[in-house]
Amino acid sequence: MINATILSTFSLSGLNDTATTKLRGTLFFFTMLCYSVILLVNGALIVIIVLEEKLHEPMYIFLCNLCINSLYGTSAFYPKFLFDLLSNSHVISYAGCLLQIFVIYSYASTEFSILALMAYDRYVAICRPLEYHSVMTKQKVVFLVCFSRLVPLLCITTIIIMTSRLELCGSHIEKLYCENWSVLKLSCKSIAVNNVVGFIIIFFYFGHDIFIVCSYVQLVKSALKSREGRRKFMQTCVPHLLCLLNVTVALLFDLMYTRYGSSSVSQSLKNFMAIEFLMIPPILNPIIYGLKLTQIRNSFASLCIDKKQVKGLG
């Protein structure tokens, strides 16, 4: 029996199949490109929102928080994965494994929390426009941002504490990165309690989707009443819905496949499904908002023009 208190490392087998081994150089290039794009598009949106005072409004503050969360979550996966692509030994320390689980899981749950806040903000803006500034005060926005961060951290901390107390009878994880279910499968004893707590948290955060759908039912009803309402809905709500669909499908697919997927599926396909939510939402979310929201496009253009003028004067 291997006790969790003395286990020092886990081995990761996601890169051990023949097809992946042959394409390591190509995978390294595209992974580096993908991570660079994530850093660039999210970083650019954060800088634009921070520098432009006219963007210091609740919707853009929540969007900035969404981009920060993308940088936070992907930092737990990409550097380690890039290192593994250049190495023949794919191991991670016990503490590093738990830290990776904590960051990736808290990233995913925080994503839902922020998207729920953005739906609430759009509901107030479109359905109760005259009350918007009295409802979405600076103090309330700060509280909501902190709440969207602290609750996921508390939930995932509970999961990590429960996982860290398990006695493990193995150290082999069949994924590219540490994932809680993969560690639970190594337990020597029953994991029924861990499963119950895990499913409660999963249902709690996917319940955010139900809240968002309900808010959008009210939004559609209100938007149809006027041309201005329809314009606001198309400009600010459509990108939000695309981001929600993006992250929900990616996460739900990974969660369900991890638990109930067929072992006959190729390792390459398993790898893609495992990292989809760490690759597609962090790239698409800022691009969708950057292209759709006029104020962000205008702010980006004005910043570029100002830089050119400064260079010209120099």
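Below, each value reflects all heavy atoms present in this structure, side chains not excepted, and no hydrogens, waters or symmetry copies. Throughout, residue positions are numbered sequentially from 1 according to the sequence presented.
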Just do the side chain to side chain contact (heavy atoms under 4.5 Å, CB included) check on Glu131 and Val124 with the steps written out, would you? CA-CA 8 Å; Glu131 304 173 45; Val124 177; 5.5 Å; no

Going through the checks in order, is the side chain to side chain contact (heavy atoms under 4.5 Å, CB included) test met by Tyr177 and Ile92? CA-CA 9 Å; Tyr177 58 89; Ile92 186 169; over 6 Å; no

Please report the C-alpha distance between Trp181 and Asn195 in whole Å, then the side-chain angles of each, then the deciding distance to 0.1 Å, and finally whether the side chain to side chain contact (heavy atoms under 4.5 Å, CB included) criterion is met. CA-CA 9 Å; Trp181 177 250; Asn195 276 331; 2.9 Å; yes

Please evaluate residues Glu57 and Ile61 with respect to the criterion side chain to side chain contact (heavy atoms under 4.5 Å, CB included), reporting the C-alpha separation (whole Å), side-chain torsions for both, the decisive distance (0.1 Å), and the verdict. CA-CA 6 Å; Glu57 299 175 6; Ile61 292 172; over 6 Å; no

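Following chains of ILVMFWY side-chain contacts shorter than 4.5 Å, one can reach Ile159 starting from Phe203, so the two form part of one hydrophobic cluster. Following chains of ILVMFWY side-chain contacts shorter than 4.5 Å, one cannot reach Leu153 starting from Val142, and the two form parts of different hydrophobic clusters. Grouping the Ile, Leu, Val, Met, Phe, Trp and Tyr side chains by contacts below 4.5 angstrom, directly or via other members, places Leu154 apart from Ile160. Each of Val91 and Leu85 belongs to its own hydrophobic cluster when Ile, Leu, Val, Met, Phe, Trp and Tyr are linked at side-chain heavy-atom distances under 4.5 angstrom. Linking Ile, Leu, Val, Met, Phe, Trp and Tyr whenever their side-chain heavy atoms come within less than 4.5 Å puts Ile275 and Ile280 in one cluster.
Pairing each heavy atom of His172 with each of Ser11, the nearest pair is ND1-OG, 3.1 Å. In terms of heavy-atom proximity, Asn65 sits nearest to Ser148 at ND2-OG, 3.7 Å. Met59 approaches Met118 most closely through the heavy-atom pair O-CE, 4.5 Å. Residue Phe277 comes nearest to Ala108 through the heavy atom pair CE1-CB, 4.5 Å, listed as atom of the first residue, atom of the second, then distance. For the residue pair Pro282 and Asn42, the shortest heavy atom distance occurs at O-ND2, 2.8 Å. Between Thr157 and Phe102, the closest heavy-atom pair is OG1-CE1, 3.4 Å.
Residues satisfying the ring-ring contact (aromatic ring centres under 6.0 Å, His included) test with His208, not counting sequence neighbours, are Phe204, Tyr205. Applying the salt bridge (charged side-chain N to carboxylate O under 4.0 Å, His left out) test to Asp84 and every residue at least two apart in sequence or in another chain returns Lys80. In this structure, the disulfide (SG to SG under 2.5 Å) partners of Cys178, at least two apart in sequence or on a different chain, are Cys97.
For the residue pair Thr163/Asn180, the side-chain donor-acceptor check at 3.5 Å is satisfied. Judged by distance alone, the side chains of Ser182 and Glu179 do bring a donor and an acceptor atom under 3.5 Å apart.
Considering CZ of Phe30 and CE of Met279, their distance stands at 11.5 Å, rounded to 0.5 Å. The CG atom of Leu82 sits 12.5 Å away from atom OG of Ser87, with the distance rounded to the nearest 0.5 Å. Put simply, CG on Leu115 and CG on Asp209 are 8.5 Å apart, with the number rounded to the nearest 0.5 Å. Interatomic distance, CG of Leu278 versus CD1 of Ile283, reported as 11.0 Å (0.5 Å rounding). Distance SG/Cys64 to CG/Asn69: 11.5 Å, rounded to 0.5 Å. The CG atom of Asn194 sits 12.5 Å away from atom NZ of Lys189, with the distance rounded to the nearest 0.5 Å.
Here the two rings, on Tyr94 and Phe10, have centers that are under 6.0 Å apart. The aromatic ring centroids of Tyr107 and Tyr72 lie 6.0 Å or more from each other.
In this structure, the side chains of Val151 and Cys155 come closer than 4.5 Å at one or more pairs of heavy atoms. Within the 4.5 Å cutoff, the side chain of Met136 has heavy atoms near those of the Leu144 side chain. By the 4.5 Å heavy-atom criterion applied to side chains, Leu66 and Glu111 are counted as neighbours. Contact annotation: the side chain of Val141 approaches that of Phe62 to within less than 4.5 Å [non-hydrogen atoms, C-beta and beyond]. Residues Arg149 and Ile68 meet the side-chain proximity criterion, which asks for heavy atoms closer than 4.5 Å. Two residues are said to be in side-chain contact when any heavy atoms from C-beta on lie closer than 4.5 Å; Leu186 and Ser171 fail this criterion.
For Thr31 (side chain) and Phe28 (main-chain N/O), no donor-acceptor pair under 3.5 Å exists by modelled atom type. Checking side-chain atoms of Ser109 against main-chain N and O of Tyr105 turns up a donor-acceptor pair under 3.5 Å.
Note on residues 34-55: pairs passing ring pair (Phe, Tyr, Trp, His ring centres under 6.0 Å), not counting sequence neighbours, are Tyr35-Tyr78. Sorted by first then second residue, the ring pair (Phe, Tyr, Trp, His ring centres under 6.0 Å) pairs that include residues 111-130, not counting sequence neighbours, are Phe112-Phe206.
Crowding of Ile210 atom CD1: a count of heavy atoms from other residues, nucleotides or ligands under 6.0 Å not exceeding 12.
If you chain together ILVMFWY residues whose side-chain heavy atoms come under 4.5 Å of each other, Val196 ends up grouped with Ile200.
The residue from Leu45, Ile114, Ile38, Val41 that alone fulfils the side-chain contact (heavy atoms from CB on, under 4.5 Å) condition with Cys67 is Leu45.
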